[in-house]
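The structure appears right after this line, and notes come after that.
Predicted model only: the values in this text are computed from it and were never measured.
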Amino acid sequence: MSQLVPLAMPPQSEAQLLAQAQQLAGLTLGELATRAGLPTPRDLKRDKGWIGVLLERWLGASAGSKPEQDFAALGVELKTIPVDSRGRPLETTFVCVAPLTGNSGVSWETSHVRHKLNRVLWVPVEGEREIPLAERRVGAPLLWSPSEEEEQQLRMDWEELMDLIVLGQVERITARHGEVLQLRPKAANSKALTEAIGAHGELIFTLPRGFYLKKNFTAALLARHFLLG
DNA sequence: TTTTGATCATAT
DNA sequence: ATATGATCAAAA
């Protein structure tokens with residue numbers, strides 16, 4: 001009999017990671033926070049990453065803001081995803097910041113997007129704002145890697161977006177570009193600027209951007225899990 | 001109601 | 001400023 005406690009060390013195998021995640025399914029965020037010794041905020045307005053941090057603790061992720069996969073030894077990334085009562089995503093999923101300079105010769109194969117998404121533990125969490133944060137339940141986890149079709153979709157969008165960035169068109173990119181992967185601001189606020197390439201090859205300053213998975217993509221991946229799994 | 005653009009907290 | 005964790009909220 002193993003008791004329900006946060007993993008004190010990183011899991012040693014995918015099986016151990018998945019088993020721990022499965023133990024959490026059905027429990028509320030309030031229970032998990034209490035048992036992890038964390039206070040539960042009234043809402044997420046000023047604690048947007050709180051659920052992710054809470055689940056990192058429970059699953060023994062190498063804590064904090066290291067530029068690594070959450071489970072470096074396993075090559076696995078953790079993503080919590082807010083879902084509605086039917087299991088459909090309520091938000092897009094941030095993947096990583098987009099490199100706006102130094103992109104000569106970059107390829108999909110060596111991209112940060114592909115690396116981050118190579119292996120992901122998805123943990124759905126009830127996300128409707130009508131449900132008090134402490135009462136929201138954790139769902140069944142899904143250990144996922146992109147199918148050939150999914151990788152192809154991601155690669156097409158990534159290449160389109162990166163082409164525009166390299167050609168100095170970053171400021172013409174909107175969230176409407178891309179079928180499954182989009183580029184949107186990822187910054188503290190609209191005054192934070194970073195270097196990029198301008199339309200005439202010059203250095204410009206623009207908002208930092210991030211790659212996000214659109215809801216159609218994550219919805220399909222979760223649906224496949226719930227229908228087949 | 002849904003999506004796009006903006007934003008919040010923390011550590012380094 | 002960048003990287004971690006994302007959700008908020010104005011606009012369409």
Taking any heavy-atom pair under 4.0 Å as a contact, classify A:Q69: base, sugar-phosphate, or nothing. nothing
Does A:R119, at its CZ atom, have more than 12 non-hydrogen atoms belonging to other residues, nucleotides or ligands within less than 6.0 Å? yes
May I have the step-by-step check of side chain to side chain donor-acceptor pair (under 3.5 Å) for A:S13 and A:Q16, ending in yes or no? CA-CA 5 Å; A:S13 66; A:Q16 186 191 357; 4.7 Å; no
Reckon A:K48 has a side-chain N or O less than 4.0 Å from the OP1 or OP2 of B:dT7? no
So A:L207, base contact, sugar-phosphate only, or nothing? Heavy-atom distance under 4.0 Å. sugar-phosphate
Does a nitrogen or oxygen in the side chain of A:T92 sit under 4.0 Å from OP1 or OP2 of C:dA6? no
Electrostatic pair A:R224:A:E150 at N-O distance under 4.0 angstrom: yes
With respect to A:L133, which candidate in A:L29, A:D47, A:D43 satisfies the side chain to side chain contact (heavy atoms under 4.5 Å, CB included) definition? A:L29
Tell me whether the OP1 or OP2 atom of B:dG5 has a side-chain N or O from A:S190 closer than 4.0 Å. no
Counting any heavy atom closer than 4.0 Å, what does A:A192 reach on the DNA or RNA strands: base, sugar-phosphate only, or nothing? sugar-phosphate
Under 4.0 Å, counting only non-hydrogen atoms across every strand here, what does A:F205 touch: a base, just sugar-phosphate, or nothing? nothing
Whole-Å distance separating the CD atom of A:E68 from the C1' atom of C:dG5: 16 Å
Which of these nucleotides, C:dA6, B:dG5, C:dC8, is closest to any side-chain atom of A:R129? C:dC8
On DNA chain B, check which nucleotide each of A:E91 and A:K191 is closest to and give me the residue with the more 5' one. A:E91
Starting from the C-alpha separation in whole Å, work towards a yes-or-no answer on side chain to side chain donor-acceptor pair (under 3.5 Å) for A:Q23 and A:W58. CA-CA 10 Å; A:Q23 290 291 312; A:W58 274 93; over 6 Å; no
Does C:dT4 have its OP1 or OP2 closer than 4.0 Å to a side-chain nitrogen or oxygen of A:K116? yes
Given atom CG of A:N189 and atom C1' of B:dG5, what is their separation to the nearest angstrom? 13 Å
Does A:K116 have any salt bridge (charged side-chain N to carboxylate O under 4.0 Å, His left out) partners at least two apart in sequence or in another chain, and if so, which? A:E77
Grab the CG-P distance between A:L90 and C:dC8 for me, whole Å please. 10 Å
Classify A:K186 by what it touches in the nucleic acid, base, sugar-phosphate, or nothing, heavy-atom distance under 4.0 Å. base
Closest nucleotide of DNA chain B for A:Q182 versus for A:G49: which of these residues is on the 5' side? A:Q182
Looking at B:dT4, C:dT7, C:dA6, which one has an atom nearest to any side-chain atom of A:A175? B:dT4
For the pair made of CD1 in A:I51 and C1' in B:dA9, what is the distance, rounded to whole Å? 14 Å
Mind grabbing the angle between the end helix axes of the helix from B:dT1-C:dA12 to B:dT12-C:dA1? Five pairs an end, 10° rounding. 30°
Counting only heavy atoms not in A:E179, do more than 12 fall under 6.0 Å of its CD? no
Pick the closest DNA chain C nucleotide for A:Y212 and for A:H112 by heavy atoms, then say which residue is nearer the 5' end. A:H112
Taking only side-chain nitrogens and oxygens of A:R46, does any of them come within less than 4.0 Å of OP1 or OP2 of B:dT10? no
Nearest whole angstrom, please: distance from the C1' of B:dC8 to the NZ of A:K45. 12 Å
Please state how far atom CH2 in A:W50 lies from atom C1' in C:dC8, giving the value in whole angstrom units. 18 Å
Could you tell me the separation between the CG atom of A:L54 and the P atom of B:dT10, rounded to a whole number of Å? 16 Å
Whether the side chain of A:S145 engages the backbone of A:N118 through a donor-acceptor N/O pair (distance < 3.5 Å, no angle test) should be reported. yes
Interatomic distance, A:D47 CG vs C:dC8 C1' [rounded to whole Å]: 13 Å
Phosphate contact (B:dG5 OP1 or OP2) by A:R176 side-chain N/O below 4.0 Å: yes
ILVMFWY cluster, A:I81 and A:L121 together (side-chain gap under 4.5 Å): no
